[in-house]
Enquirer: 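Dumping the structure here so I can ask a few things about it.
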Amino acid sequence: MIYQRSSALFVEAKKYIPGGVNSPVRAFKSVGGDPVFVERAKGAYLYDADGNKLIDFISSWGPLILGHAYEPVINAVIDKARLGTSFGMPTEIETELAQLAVSMVPNIDKIRFVNSGTEACMSAIRLARGFTGKEKIIKFAGCYHGHSDAFLIQAGSGAVTFGSPNSPGVTKGTAKDTLLAQYNNLESVSTLIAANKGEIAAVIIEPVAGNMGCIVPSDTFMDGLRKICTEENILLVFDEVMTGFRVGRGGAQEALGIDADIVTFGKVIGGGLPVGAFASRDEIMAHLAPEGPVYQAGTLSGNPLAMSAGLAMLTELNNRPEIFESLNKKTTYLNNGLASVLTEQGIPHQINRFGSMISVHFTENPVVDFSSSAKGNNEFFRRYFHGMLEEGIYLPPSAFESYFLNDAISYKDLDHTIEGLKKVAPRLV
Ligand SMILES: *Cc1c(COP(=O)(O)O)cnc(C)c1O
């Protein structure tokens, strides 16, 4: 495939936009080469600026669970746009989406809409701190909760007690309130809690991780986490920006059978428009302004176009919950197909999957946390990514990202993908 036009567009973009992109992973830094510029998309397919048709396995990083340019969503947005795009005043559709979301998700009475997953997680943590009167939080290495300061934290040198900034611009002052635990490792959590007795407001986690590849939590880990949070009066925050309305109607809470105290959303809830949200039971949400003292606001929050896309999307998922099972089956089929090719070719690999999230790791050892994910062979991944792209298959351009299947992907597309790997696999080693 030829990517002349994409490459030329990238050169232009870099003149005016830092790195040529508005979100770093798009720039292909970890796989090398120039990014593919997209022109339009429909259903399962991307049509890029060079006229290539690609099967899309990222679905805009999750939101487009029903495929690109899904008619009911598009029509809802167009109809709404004709009535005016923003008012800065309450609209009925905000209540409609709130009511539907609350009816689909366990354990939430009220929901507040924001504009991104980042905002949702940032606000959820402020609410947790305001509610508990405590300041520290625990997050897990490799979990992503958006780019707000409190989450851009890595493990400090030898520090079990506090983290250090992993981006310039994040202060040490902020970093000292974020503690780093290891995914699937309950002991790392209890150690932190014991060392910071009575100081931890919240534990925030991706209930199925998707930002270090797809990593599934063990039952004992999740059960233990819920238990220790309850015992220590710590709020358990499920960041369901990725899993919400994707791993099932009720998200990961329902799929894993675990009740969270605060839940954050993004991606699917906006149907492809910028929406984030955080939700909890009445007792906690009552602390939020204007009802309570914890401040949070947004000029475009609850924007009618974004709400109409979200409402059309959730309405479809609510009315046709069999979509989740169908996606589950397709993803299992893909999993088995890819695994058998890699096994036949003798390529060391792990494939992790949960519902319609899946990731391929080129390593012999189980991938259960950030450090095991980071041990994957990135040179294999690079060749895999570019080889598959040559076959017309668009995968996440980083080994640390999950794929997101959408309902428009057919078994024929999956067979094409598996056949593609048959051609690519011998060239990986
Ligand atoms: C994408 C993502 C976010 C951030 O959402 P944005 O809309 O990109 O700000 C937060 N948490 C998780 C789990 C995500 O996958």
Side-chain angles (χ1 to χ4, degrees), residues 21-27 57-65 105 112-128 137-153 166-167 178 183 202-217 222 236-247 251-253 255-256 260 262-279 296 298 300-303 306-307 309-310 313 352 354-359 369-370 373 396-406:
V21 292
N22 285 305
S23 196
V25 72
R26 297 177 196 170
F57 282 98
I58 71 168
S59 307
S60 183
W61 298 106
L64 305 175
I65 191 168
V105 176
R112 168 66 56 87
F113 293 113
V114 294
N115 305 289
S116 68
T118 294
E119 241 188 287
C121 294
M122 176 186 89
S123 307
I125 289 303
R126 183 180 305 143
L127 178 60
I137 61 167
I138 293 177
K139 83 173 281 284
F140 293 86
C143 280
Y144 182 67
H145 307 293
H147 65 92
S148 86
D149 287 7
F151 302 121
L152 293 185
I153 306 297
N166 75 350
S167 163
T178 300
Y183 206 86
V203 172
I204 185 167
I205 188 166
E206 288 181 65
V208 175
N211 286 290
M212 43 183 164
C214 171
I215 295 183
V216 182
M222 267 300 169
L236 179 59
V237 181
F238 267 16
D239 177 352
E240 297 226 37
V241 170
M242 209 174 252
T243 53
F245 308 103
R246 171 164 286 277
V247 300
Q253 283 194 97
L256 301 172
I262 302 180
V263 188
T264 63
F265 301 101
K267 302 192 168 120
V268 176
I269 200 173
L273 269 75
V275 181
F278 58 107
Q296 191 278 325
L300 289 174
S301 293
N303 172 269
M307 295 291 102
M313 180 66 96
N352 286 359
F354 192 93
S356 52
M357 296 164 61
I358 181 171
S359 57
D369 59 10
F370 181 68
S373 178
S398 157
F400 287 113
E401 307 284 353
S402 172
Y403 315 1
F404 300 101
L405 270 67
N406 67 62

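For this chain, numbers begin at 1 and follow the sequence in order. Just so you know, these numbers come straight off a predicted model, no measurement behind them. Both ligands and their constituent atoms are indexed starting at 1 by order of listing.
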Enquirer: Check whether Ser59 reaches the backbone of Gly62 with its side chain - one donor and one acceptor, N or O, closer than 3.5 Å.
Expert: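 Flag not set: sc Ser59 to bb Gly62 has no pair under 3.5 Å.
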Enquirer: Any side-chain to backbone donor/acceptor pair from Glu240 onto Ala252? Under 3.5 Å, distance only.
Expert: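 Pair found, side chain donor or acceptor close to backbone of Ala252.
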Enquirer: Enumerate the atoms of ligand 1 whose separation from the nearest heavy atom of His145 is less than 4.0 angstrom.
Expert: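 Close to His145: 10 (C), 11 (N).
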Enquirer: For the rings on Phe400 and Phe370, is their centre-to-centre separation under 6.0 Å?
Expert: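 Yes: the rings meet the under 6.0 Å criterion.
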Enquirer: Could you find the nearest protein heavy atom to atom 8 (O) of ligand 1 and give me its residue, atom name and distance?
Expert: Thr118 OG1, 4.5 Å
Enquirer: Among protein heavy atoms, which lies nearest atom 3 (C) of ligand 1, and at what distance?
Expert: Val241 CG1, 3.7 Å
Enquirer: Counting each atom of ligand 1 from 1 as listed, which ones have a heavy atom of Glu206 under 4.0 Å away?
Expert: 13 (C)
Enquirer: Please confirm whether the backbone N or O of Cys214 pairs with a side-chain atom of Asn352, one donor and one acceptor, at under 3.5 Å?
Expert: yes
Enquirer: Please write down residue, atom name and distance for the protein heavy atom closest to atom 11 (N) of ligand 1.
Expert: Asp239 OD2, 2.6 Å
Enquirer: With rounding to the nearest 0.5 Å, note down the distance linking CZ in Phe278 to OG1 in Thr264.
Expert: 10.0 Å
Enquirer: Which of the atoms in ligand 1, numbered in the order shown and given with their element, are less than 4.0 Å from a heavy-atom of Ser116?
Expert: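 Close to Ser116: 7 (O), 9 (O).
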Enquirer: Between Glu206 and Tyr144 (side chain of the first, backbone of the second, donor and acceptor by atom type, cut-off under 3.5 Å), is there such a pair?
Expert: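 Confirmed, Glu206 side chain pairs with Tyr144 backbone.
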Enquirer: Counting heavy atoms only, which of Ala209, Gly117, Gly210 comes nearest to atom 6 (P) of ligand 1?
Expert: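 Result: the heavy atom closest to atom 6 (P) of ligand 1 is in Gly117.
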Enquirer: Got a donor-acceptor contact below 3.5 angstrom from the Ser373 side chain to the Asp369 backbone?
Expert: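 No; zero donor-acceptor contacts below 3.5 Å.
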Enquirer: Please list, in number order, the atoms of ligand 1 under 4.0 Å from a heavy atom of Asn211.
Expert: 12 (C), 13 (C), 14 (C), 15 (O)
Enquirer: Write out the residue and atom name of the closest protein heavy atom to atom 14 (C) of ligand 1, then the distance separating them to 0.1 Å.
Expert: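 Protein heavy atom with the smallest distance to atom 14 (C) of ligand 1: Lys267 NZ, 2.9 Å.
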Enquirer: Got an N/O contact under 3.5 Å between Tyr144 and ligand 1?
Expert: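 The answer is yes, given that Tyr144 and ligand 1 share an N or O pair closer than 3.5 Å.
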